[in-house]
Amino acid sequence: MSTKNYNRYTVTAALPYANGPKHIGHLAGAYIPADVYVRYLRLTGKDVIFVCGSDEHGTAIPNQALKENTTPRAIIDKYDALIRTCFEQLGMSFDIYHRTSELIHHQTSQEFFLTLYNKGLLTEEVSEQYFDEEAKLFLADRYIVGTCPKCGHTNAYGDQCEKCGSTLSPRELINPRSTLSGKPPVLKETRHWYLPLQNYEPWLREWILKTHQQDWKPNVYGQCKSWIEAGLQPRAMTRDLDWGIKVPLPDAEGKVLYVWFDAPIGYISATRALFEENATGNFRYATPRSDFSKAGRDDWKKYWQADDTRLVHFIGKDNIVFHCIIFPVMLHASGEFVVPDNVPANEFMNLEGDKMSTSRGWSIEMHEYLQDFPTKPDELRYALLTNLPEAKDSEFTWKDFQAKNNNELVAILGNFVNRAVVLTQKYFSNRVPQRTQLTETDTRVLAALKEFPASIAASIEAYRFREATAGLMDLARLGNKYLAETEPWKLAKTDLDRVGSILNIALQIAASLAIVAEPFLPFTARKLKGMLGLSELKWNAAGGSDLLQTGSALNEAPLLFEKIEDTVIEAQIKKLVDSRRAVELAQQPAEPAKAEISFDDFSRMDVRIGTVLKAERVEKSKKLLKLQVDTGIDVRTVMSGIAEHFTPEEVIGKQVTILINLAPRKIMGVESQGMILMAADKDGSLRMLLPGKPVEPGAQVG
RNA sequence: GGCGCGGUAGCUCAGGUGGUUAGAGCGUUGGAUUCAUAACCCAAAGGUCGGGGGUUCAACUCCCCCCCGCGCUACCA
């Protein structure tokens with residue numbers, strides 16, 4: 001249990017891997033809780049930095065580049081920009097969002113590696129790995145497929161057979177082949193540097209199993225325990241790859257640091273960059289902080305090396321081993337760094353009854369949400385916060401999103417604020433009325449109000465963000481209930497003084513809401529403060545009864561939230577289903593082969609290359625084009641059902657493949673003498689079969 | 001296979017170290033109300049806490065077995 005007195009906080013959120021867009025599951029796993037935590041700490045006046053950035057190394061980056069037919073550099077630039085923008089629009093309040101491709105990160109990582117190396121803490125081992133001679137690459141297990149030795153499945157991966165579920169190593173595969181070239185890989189010797197994790201087992205046992213049994217979440221603690229008890233082994237910290245951070249040793253050509261070695265160091269280099277930029281005033285990735293304007297560029301060390309710094313990593317459960325075992329061992333072994341005080345990893349968020357997966361088309365990408373709901377970042381934050389997978393996998397549904405918005409944000413929070421403000425406009429010309437004599441109800445409500453901030457704070461500090469969010473909404477409920485009990489609209493004609501007291505109290509509640517909402521709903525909090533004319537107040541002001549001065553004017557008060565209609569939700573669900581269908585279609589196996597035919601059958605068809613001389617639309621037909629085709633033998637008319645895929649202009653001059661001895665047939669009153677051959681893609685779209693180089697019309701296809 | 005985390009009202013989820021009638025929100029039903037984006041407020045119905053054993057005066061909470069879901073099993077980022 002951490003009983004230490006901490007004087008500053010270093011909070012990290014998992015570095016998103018820049019090989020593609022990120023979805024709301026990632027937000028729920030790490031970024032939203034981290035942002036709430038940090039915003040809260042700042043409000044309480046704590047010394048805190050919040051660092052994150054794009055993770056831009058590893059084999060998947062060049063692979064994605066291959067897939068998108070571009071360079072790794074282009075891939076990371078593209079996805080870094082996309083993710084960075086989304087985070088900003090969602091209100092992620094990073095002090096810096098850095099990139100692991102930056103020089104300072106390469107330097108920091110290499111220094112870190114050398115520190116361990118020079119201390120003699122890394123071991124060197126030579127092993128045989130599969131190598132793709134054509135791609136000239138060592139292959140990660142995932143990129144080798146072959147026949148499973150256990151079940152005979154012919155497409156088992158090098159690490160696992162998806163059919164029988166057994167765990168494999170690439171060497172076990174029968175007839176292995178590279179997924180990059182399709183060729184069989186060869187075994188080749190390679191040398192790598194390993195971190196002997198087993199040497200740190202006693203330390204890990206002491207640090208995790210003993211010290212953190214109480215304060216780490218059960219899922220995190222259990223996972224760590226499982227690994228430690230299973231026995232730790234040396235883990236390679238380098239890879240054969242040409243994309244990444246060079247191993248800073250002689251004769252290490254073609255070797256880079258393992259991405260999971262460099263990625264967490266990214267937190268440190270981001271912190272260095274944060275102070276570098278604040279010290280120089282040259283801001284590229286950091287958000288300027290006035291309190292750091294006098295900081296030196298070496299001040300980053302306090303946030304990583306001082307004993308009274310509390311390091312907290314927010315991650316998803318897939319990252320537990322790296323943040324709880326490997327990175328801490330690296331930090332500990334280096335001898336210079338503090339280790340995390342907590343790693344509040346979340347589980348996964350499912351979507352509409354199924355696992356979220358970008359590749360399967362079953363996800364809500366951040367940028368897609370923001371495109372469709374550009375004015376509603378807080379609405380998403382709230383829906384995710386109330387259903388974070390804190391203890392177990394949770395589920396996001398669009399209906400639930402709608403319900404949270406309509407029944408809670410609109411009906412409870414927005415409505416309460418609106419009621420208080422509208423009544424004030426109506427009876428007190430939009431000025432905060434005076435509070436006179438207090439009734440028993442008043443004092444009770446004011447006392448209850450006072451309790452909220454501390455209770456919400458306790459939840460946040462215990463990493464219970466759902467509970468904390470519920471506390472926020474309960475405060476709005478308190479306000480609604482107070483109005484329902486006191487019914488100021490009834491008293492307006494008889495006792496305006498009393499009405500004034502009631503509205504004063506209601507407005508004080510709204511003011512506290514504006515402060516307390518900031519970590520959860522930053523955009524709404526800002527709006528609400530603007531409406532109430534409330535200055536920036538710290539957390540400890542929340543719960544107070546005199547946040548708003550009597551007589552001060554309220555500003556224009558638009559509605560904080562708007563209802564989301566059924567049609568909008570239905571459209572989102574349809575979009576989701578459609579995107580999965582599209583992916584499934586694309587992955588559908590090709591049509592099975594037709595029955596065998598003889599060579600004679602085949603040679604009876606006369607297939608030629610012909611040149612399209614003329615093409616025109618056919619009246620009253622959506623599908624047909626009437627073509628004049630030079631077949632080398634003659635020029636003939638062919639009616640072709642391609643009008644939905646090609647315009648006449650783009651067909652003219654093309655050398656198409658044509659079956660010329662098909663029996664003529666009248667179509668739309670015109671005799672068609674042959675058939676143009678087309679390839680039909682899985683989505684039904686047509687592609688012409690063109691010769692690779694121009695040929696004379698009439699060239700036989702066979 | 002081994003290990004870890006889960007399996008609590010129709011739905012989404014809370015339930016430190018075992019102890020009075022097992023909780024919240026949504027949904028449902030009924031009531032009250034009209035200041036408010038037909039919203040708020042009150043109340044009720046609804047669960048043999050995955051199944052089966054055991055420990056105990058007492059178990060959702062501890063132990064054992066089984067079933068189900070998810071994850072990890074260490075060169076997948």
Side-chain angles (χ1 to χ4, degrees), chain A residues 14-19 55-61 63-64 127 129-130 138-143 157-160 165-167 169-170 192 197 214 217-227 229-240 258-260 263 317-322 325-326 347-348 350 355 386-397 399-400 403-404 406-408 410-412 414-427 462 464 466-467 470 473-474 476-477 479-485 487-490 492 499 503 506 559-563:
Chain A
L15 304 187
Y17 198 53
N19 72 331
D55 173 12
E56 310 186 304
H57 297 131
T59 56
I61 299 284
N63 283 321
Q64 185 66 23
S127 62
Q129 300 283 313
Y130 273 124
F138 280 96
L139 296 164
D141 291 3
R142 245 259 185 90
Y143 297 101
Y157 291 102
D159 55 349
Q160 192 187 34
S166 49
T167 303
S169 77
H192 283 293
L197 296 174
Q214 295 304 317
K217 293 168 57 165
N219 57 331
V220 176
Y221 181 87
Q223 200 59 253
C224 293
K225 191 174 172 192
S226 170
W227 274 305
E229 311 254 297
L232 299 160
Q233 287 173 20
R235 184 139 174 152
M237 291 293 128
T238 55
R239 290 291 132 88
D240 293 295
Y258 176 37
V259 64
W260 272 113
K317 67 174 164 184
D318 50 331
N319 273 343
I320 292 175
V321 67
F322 299 105
I325 308 279
I326 299 174
E347 302 283 299
F348 286 156
N350 294 320
K355 275 195 217 180
T386 50
N387 204 12
L388 292 177
E390 289 180 330
K392 58 181 173 187
D393 290 357
S394 70
E395 174 148 330
F396 179 95
T397 65
K399 279 235 169 291
D400 184 61
K404 291 276 160 58
N406 292 358
N407 303 333
E408 297 182 29
V410 173
I412 297 171
N415 187 33
F416 165 64
V417 170
N418 190 234
R419 296 171 82 182
V421 167
V422 166
L423 287 167
T424 305
Q425 285 168 354
K426 211 169 192 170
Y427 302 124
R464 299 157 75 116
R466 299 164 56 120
E467 189 177 84
M473 198 50 67
D474 282 341
R477 287 195 171 93
N480 275 319
K481 194 165 176 169
Y482 177 64
L483 290 180
E485 282 175 9
E487 300 182 306
W489 51 89
K490 280 190 177 170
V499 175
L503 291 184
L559 296 173
L560 288 176
F561 303 100
E562 58 186 11
K563 285 202 158 198

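Labels below follow one simple rule: chain letters A, B, ... track the order of the sequence lines, proteins then strands, and each chain is numbered from 1.
- In this structure B:rU48 sits in no base pair that meets the Watson-Crick or G-U test at under 3.5 Å.
- Among the atoms of the strands shown, only primed sugar atoms or phosphate atoms (P, OP1, OP2) are found under 4.0 Å from some heavy atom of A:S394.
- Residue contacts shown for A:A391 are limited to sugar-phosphate atoms, with no base heavy atom under 4.0 Å away.
- Across all strands, A:E395 comes closer than 4.0 Å only to sugar-phosphate atoms, never to a base (heavy-atom distances).
- Rounded to a whole angstrom, the distance from the P atom of B:rG15 to that of B:rU61 is 15 Å.
- Remark: side-chain polar atoms of A:H57 are not paired, donor with acceptor, to backbone N or O of A:V259 under 3.5 angstrom.
- Proximity of A:K225 to the phosphate of B:rC5: no side-chain N or O atom is located under 4.0 Å from OP1 or OP2.
- Residue A:L232 contributes atom CG, which lies 13 Å from atom P of B:rU73 at whole-angstrom precision.
- Residue A:L423 places its side chain closer to B:rC35 than to any other of B:rC35, B:rC13, B:rC75.
- Distance CD1 (A:I412) to C1' (B:rC26): 10 Å, rounded to an integer number of Å.
- In this structure, B:rC40 makes no Watson-Crick or G-U wobble pair, since no nucleotide meets both defining distances under 3.5 angstrom.
- Contact annotation for A:N407: backbone-only contact, meaning every heavy-atom pair under 4.0 Å involves sugar-phosphate atoms and none involves a base.
- The nearest whole Å value for the distance from the CD atom in A:E347 to the P atom in B:rC72 is 11 Å.
- Pairing each heavy atom of A:H192 with each of A:T238, the nearest pair is ND1-OG1, 2.7 Å.
- Here A:A411 lies in heavy-atom contact (under 4.0 Å) with sugar-phosphate atoms only.
- Nucleotides B:rC42 and B:rC5 are separated by 39 Å at their P atoms, to the nearest Å.
- When the C1' atom of B:rC13 is taken as reference, atom CG of A:N350 falls 14 Å away, rounded to whole Å.
- Contact annotation for A:E408: backbone-only contact, meaning every heavy-atom pair under 4.0 Å involves sugar-phosphate atoms and none involves a base.
- In the set B:rU37, B:rC5, B:rA14, the nucleotide with an atom closest to the side chain of A:K563 is B:rU37.
- Residue contacts for A:T59: at a heavy-atom cut-off of 4.0 Å it reaches the sugar-phosphate backbone alone, with no base atom in range.
- The side chain of A:S226 approaches B:rC3 more closely than any other nucleotide in the set B:rC35, B:rC41, B:rC3.
- Closest contact between the side chain of A:R477 and the listed nucleotides B:rC3, B:rA36, B:rG25 involves B:rG25.
- Within the nucleic acid shown, A:F561 comes within 4.0 Å of at least one base atom, counting heavy atoms only.
- Residue A:R419 has its side chain nearest to B:rC35 when only B:rC13, B:rC35, B:rC70 are considered.
- At distances below 3.5 Å, at least one donor-acceptor pair connects side-chain atoms of A:N63 with backbone N or O atoms of A:T59.
- Applying the Watson-Crick and G-U wobble criteria (two distances, each under 3.5 Å), B:rU21 pairs with nothing in any strand.
- A:I320 comes within contact range of no nucleotide atom at all, as no heavy-atom separation falls under 4.0 Å.
- A gap of 28 Å separates the P atoms of B:rC57 and B:rC66, to the nearest Å.
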* For side chain to side chain contact (heavy atoms under 4.5 Å, CB included), just list the numbers for A:S394 and A:L388, CA-CA rounded to whole Å, side-chain angles, deciding distance to a tenth of an Å, and then say yes or no. => CA-CA 7 Å; A:S394 70; A:L388 292 177; over 6 Å; no
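- Nucleotide B:rG71 forms a Watson-Crick or G-U wobble pair with B:rC3, both donor-acceptor distances falling under 3.5 Å.
- The side chain of A:N415 sits closest to B:rC40 out of B:rU37, B:rC40, B:rU12.
- Among the atoms of the strands shown, only primed sugar atoms or phosphate atoms (P, OP1, OP2) are found under 4.0 Å from some heavy atom of A:V259.
- Closest to the side chain of A:W489, out of B:rU33, B:rU73, B:rC75, is B:rU33.
- Contact between A:A14 and A:N319 at its shortest, heavy atoms only, is CB-ND2, 3.8 Å.
- Rounded to a whole angstrom, the distance from the C1' atom of B:rU21 to that of B:rC67 is 32 Å.
- Using modelled atom types, one side-chain atom of A:T424 and one backbone atom of A:A420 make a donor-acceptor pair closer than 3.5 Å.
- Remark: the separation of the C1' atoms in B:rA44 and B:rA38 is 22 Å, to the nearest Å.
- As rounded to whole Å, 18 Å separates atom P of B:rG23 from atom CZ of A:R464.
- A donor-acceptor pair under 3.5 Å is absent between the side-chain atoms of A:K563 and the main chain of A:V410, judged by distance alone.
- For the pair A:Y221 OH and B:rC5 P, the computed distance is 10 Å after rounding to whole Å.
- Within the nucleic acid shown, A:K481 comes within 4.0 Å of sugar-phosphate atoms alone, with no base atom in reach, counting heavy atoms only.
- Rounded to the nearest Å, the gap between the P atom of B:rC49 and that of B:rC60 is 7 Å.
- In this structure, A:L560 reaches the bases: a heavy-atom distance under 4.0 Å links it to at least one base atom across the strands shown.
- Rounded to the nearest 0.5 angstrom, A:M237 CE and A:I326 CD1 are separated by 5.0 Å.
- Using a 4.0 Å heavy-atom distance criterion, A:K404 is classed as making no nucleic acid contact.
- In this structure, the nucleotide among B:rU33, B:rC40, B:rG6 sitting nearest to the side chain of A:K490 is B:rU33.
- The gap from the P atom of B:rG69 to that of B:rC64 amounts to 22 Å, rounded to the nearest Å.
- Look at NZ on A:K317: it is 13 Å from P on B:rC5, rounded to the nearest Å.
- The separation between A:Q223 atom CD and B:rC3 atom P is 14 Å, rounded to whole Å.
- Comparing A:L197 and A:P218 by the nucleotide of RNA chain B whose heavy atom lies nearest to each, the residue mapping closer to the 5' end is A:P218.
- Counting non-hydrogen atoms under 4.0 angstrom, A:P488 reaches nothing in the nucleic acid.
- Using a cutoff of 4.0 Å between basic side-chain nitrogens and carboxylate oxygens, A:E347 and A:K317 are scored as salt-bridged.
- For the P atoms, the distance from B:rG10 to B:rG50 is 13 Å, rounded to whole Å.
- Distances were taken from every side-chain heavy atom of A:L559 (C-beta onward) to each of B:rA36, B:rA14, B:rU37; the shortest belongs to B:rU37.
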